[in-house]
Participant: 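Below is one structure. I have some questions about it.
Below, read A as the first sequence line, B as the second, and so on, with proteins coming before strands; counting in each chain starts at 1.
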Amino acid sequence: MTQADTKPTTHFIKAFIDEDLACGRFDAPLVTRFPPEPNGYLHLGHTKAICINFGLAKAYGGTCHLRLDDTNPIKEKQEYIDGIKQDIRWLGFDWGEHEYYTSDYFQQLYNWAVKLIQAGKAYIDEQTAEQIREARGTLTTPGTHSPFRDRPAAESVDLFARMKAGEFPDGSHVLRAKIDMASPNLNLRDPVMYRVLHASHPRTGDTWCVYPMYDYAHGQSDSIEKITHSLCSLEFEDHRPLYDWFISELGIFPTRQIEFARGNITYTVTSKRKLMELVDQGHVTGWDDPRMPTLTAMRRRGYPPNAIVDFWETVGVAKRENNIEVAMLEHCVRTELNKTAPRRMAVLDPLKVVITNYPEGQTEEMDCINNPEDPDAGTRKVPFCGELYIEREDFMEDAPKKFFRLAPGKEVRLRSAYWIKCEEVIKDDTGKITELRCTYDPQTRGGNNPPDGRKVKGTLHWVSAQHATNAQVRLYDHLFTAEDPTTPPKGSDNWLDNLSSDSLKTLDHVKLEPSLADAEAGVTYQFERVGYFCLDATDTTADLPVFNRTITLKDAWAKMQKKKGG
RNA sequence: CGGGCCGUAGCUCAAUCGGCGGAGCGGCCGGCUUUGAACCGGCAGGUUGCGGGUUCAACUCCCGCCGGCCCGGCCA
C-alpha cells in the first residue's frame, strides 16, 4: 500500500452522495452551494465549508454555486459581498456563472408563502415577540397555540399582503408556519417565516419590507437552484425536519441537507463576535491584521491558499466535535511553502563581520540556488564583499560543543560563498560584541569543500554590508497563549486575558540581500534558515520595505535549547 | 425521566456486508545534508467511553448506562 492510498480520501458525505446517485435519488451531476451571509469577513472556519462544497462538486464533476444569503438587510453590506468573492477566488475556487442571491428569490418565496397560507399551513400572528417566545414553551414543556392560529386563511392572505405593502410597523405581525406547538423539536413549534423589517436592502432597496427568515428561505433557495446536496454544519441538524417540511408541503425539488462538524483549531478564535471585539478594542490593527484568522489577514500574512485546502483534505470530515492542533495547519503551510517559496537571504539581527584577508574593495557575485526543491527555479547572483552581516545568534563567544555555528577560532561555511574562520571579537565599552574579524579560504568559493579535506558542520546565511537593503520585519506568533482562547484563564473572567504579549515583534534594522528590493507582493519567500516572509503591500513605503513573517522554519536547535532550559 | 447528534492513539481521521485496529500530524531516537530546513529510517503511544447480550468471531449488530456538544431570535 502506498502513502497516497492511506490518505483519508473518503468520508460519510461522499458515502451518502454515492448512495443517492446509485439509487437514482438524484440525477448527476452533483450540485452544491456555499451560502455565506454577507455580514462580515470570511475566516478560517468558513474555509472548511468552502473546501467541502466546492471540493465535492469538483470531485464529482458537478458545480458549486455561490449564494449570498442576504435575508437580513440590517446586518449586510456590499463591502462584505465584495470581500467574500475575493476571498473565495483567492482560495482557488470558481463558481463561474453561478452567483446567486437569496434576495433574487424574494418574489418566488413570497408567492410560495401565500400558497402555504391558502393551504392552511401558515398564518399571520399579531402577538408580540415576547408573547410568541412565552407561548413557545420550554425544552421540556409543550407550547401553546397563538390566538391567531386558526384565523381564516383569507384573512391571513390579506394581512400578509398588507404587511408587504408597508401598512404595519416592524414587529407588529409575522407569518408563521402551522406545524406543531407540542413538538419536542422547537424548530417545529410554528416557526416564524416572515417578519416586517422597514430596512433598505443592499440589492433590493426599498422594494420589500417583509423579509424571509433563514429557515424559510434557505431550503427553498436550495430547491430553486436544484442543489442536490446542501452541506452545512451540525447545529442545523435540528432544522432539517423543518427544511424537509417546507419542501414537502410545497412539492418542490427535494434537496438533501447533510450536516458535518465545523473545524475548531487550537489557539484561534473563529467567532465573529470575538473577532469583532479584537478589532474594535484595538488588540489587532484590523480585520486584515496578519494575526487574524480571516482570509484577508492570512493572505496578507503570506499563507499559500493551497495549504488551507490541503489542511482540510488532511483533516477529513466527520460529525464529531473536534479541536484540531494548529500545528497541523502550520505543517501544511510549511509543506506548501517548502515546495514553492523562492529562497533568499536576510539577516534579522545583524552582526558585522570583516574578512581581514579579503582583497580590499573587491566584490564578487555568488550563484545562489533559488529553490533546491524546484530545479526549474534556477539561480540568482548575490553580491559578496569583505564586509558582511551575519545573524547575531549565529555567533557565541563561549560555545558548547553542539553549537555548529561561529565561535572564536571556529570555522563555518557562508552559504554559497566561502568558509570563514573567526579570529577576533571586537566589543564596545559595555562589552557588547560589535564586530567579528574573520579570515576566509579562497579555495572554498561557492561554499565548496577545500581540497585538504577539512570539514565544517555549520552553514550560515549572510548579506553583504555594502549591498544590503534595509527593511522592517514583523515577527508574528500565535495571538493567544491558551489552546482554547475563549475560556478565560484561571482567576480571570475575561477571555481577552489569553492574549499573548509576544504575538508581534517588530525588527527595524533588518538587512536584506539586494534582490529583495524588488520583492513581489503576493509571493512568500523563504529567508534561508530563518523562516517564510512576504512583502506587506499595505505598510511598505518607498523608503522602507516591510516584511511579514508567515511562519518560522522548524528549528531543532531552538527546541534543544528550550528543553535544556526547561 | 424534552429532542437531536457524537464518543477509536496526545490531535484529526481510517478500518469491505461482523473477519489479525491503521494513517497523517505531534513526540522521541538515529541517518543524511552547502538551510540544525527539507528528506530518509526507526520507536513509543489503544481495556475502540463503561457494562451486558448475540456470534466460531464485535470498533462494527442489540440492550442498558456514562460523558460531551447543539436546540427555547421576529439572527444565519
Participant: Taking only the side-chain nitrogens and oxygens of K559(A), find out if one of them lies under 4.0 Å from OP1 or OP2 of C28(B).
Facilitator: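 Result: yes.
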Participant: Would you please confirm or rule out a distance under 4.0 Å between OP1 or OP2 of A76(B) and any side-chain N or O of T71(A)?
Facilitator: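 Checking T71(A) against A76(B): at least one side-chain N or O falls below 4.0 Å of OP1 or OP2.
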Participant: Hey, is the side chain of R529(A) poking within less than 4.0 Å of OP1 or OP2 on U34(B), counting only N and O atoms?
Facilitator: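 The answer is no; no side-chain N or O of R529(A) sits under 4.0 Å from OP1 or OP2.
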Participant: For E259(A), which contact category applies under a 4.0 Å heavy-atom criterion: base, sugar-phosphate, or nothing?
Facilitator: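 If one applies the 4.0 Å heavy-atom cut-off, E259(A) turns out to touch nothing in the nucleic acid.
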Participant: Which part of the nucleic acid, if any, lies within reach of A129(A) when heavy atoms closer than 4.0 Å are counted: base, sugar-phosphate only, or nothing?
Facilitator: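 Base contact - A129(A) has a heavy atom under 4.0 Å of at least one base atom.
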Participant: Just call it for L460(A): base, sugar-phosphate, or nothing, with non-hydrogen atoms closer than 4.0 Å on any strand.
Facilitator: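 No contact at all - L460(A) keeps every heavy atom at 4.0 Å or more from the nucleic acid.
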Participant: Assert yes or no for the condition that the ring centre distance of Y525(A) to F533(A) is strictly below 6.0 Å.
Facilitator: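 Not close enough - the centres of the two rings lie 6.0 Å or further apart.
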Participant: I'd like the P distance from G19(B) over to A58(B), given in whole Å.
Facilitator: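 Result for the P pair: 11 Å, nearest Å.
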Participant: With a non-hydrogen cut-off below 4.0 angstrom, is R136(A) in contact with a base, only sugar-phosphate, or nothing?
Facilitator: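 Since only primed, P, OP1 and OP2 atoms lie under 4.0 Å of R136(A), the category is sugar-phosphate.
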Participant: Does any non-hydrogen side-chain atom of F16(A) lie less than 4.5 Å from one of H229(A)?
Facilitator: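 Not in contact.
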Participant: Touch check for D238(A), heavy atoms < 4.0 angstrom, all strands: base, sugar-phosphate only, or nothing?
Facilitator: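 The residue D238(A) makes base contact.
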Participant: Please give the distance between the P atoms of C39(B) and G24(B) as a whole number of Å.
Facilitator: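 Here C39(B) and G24(B) have their P atoms 12 Å from each other.
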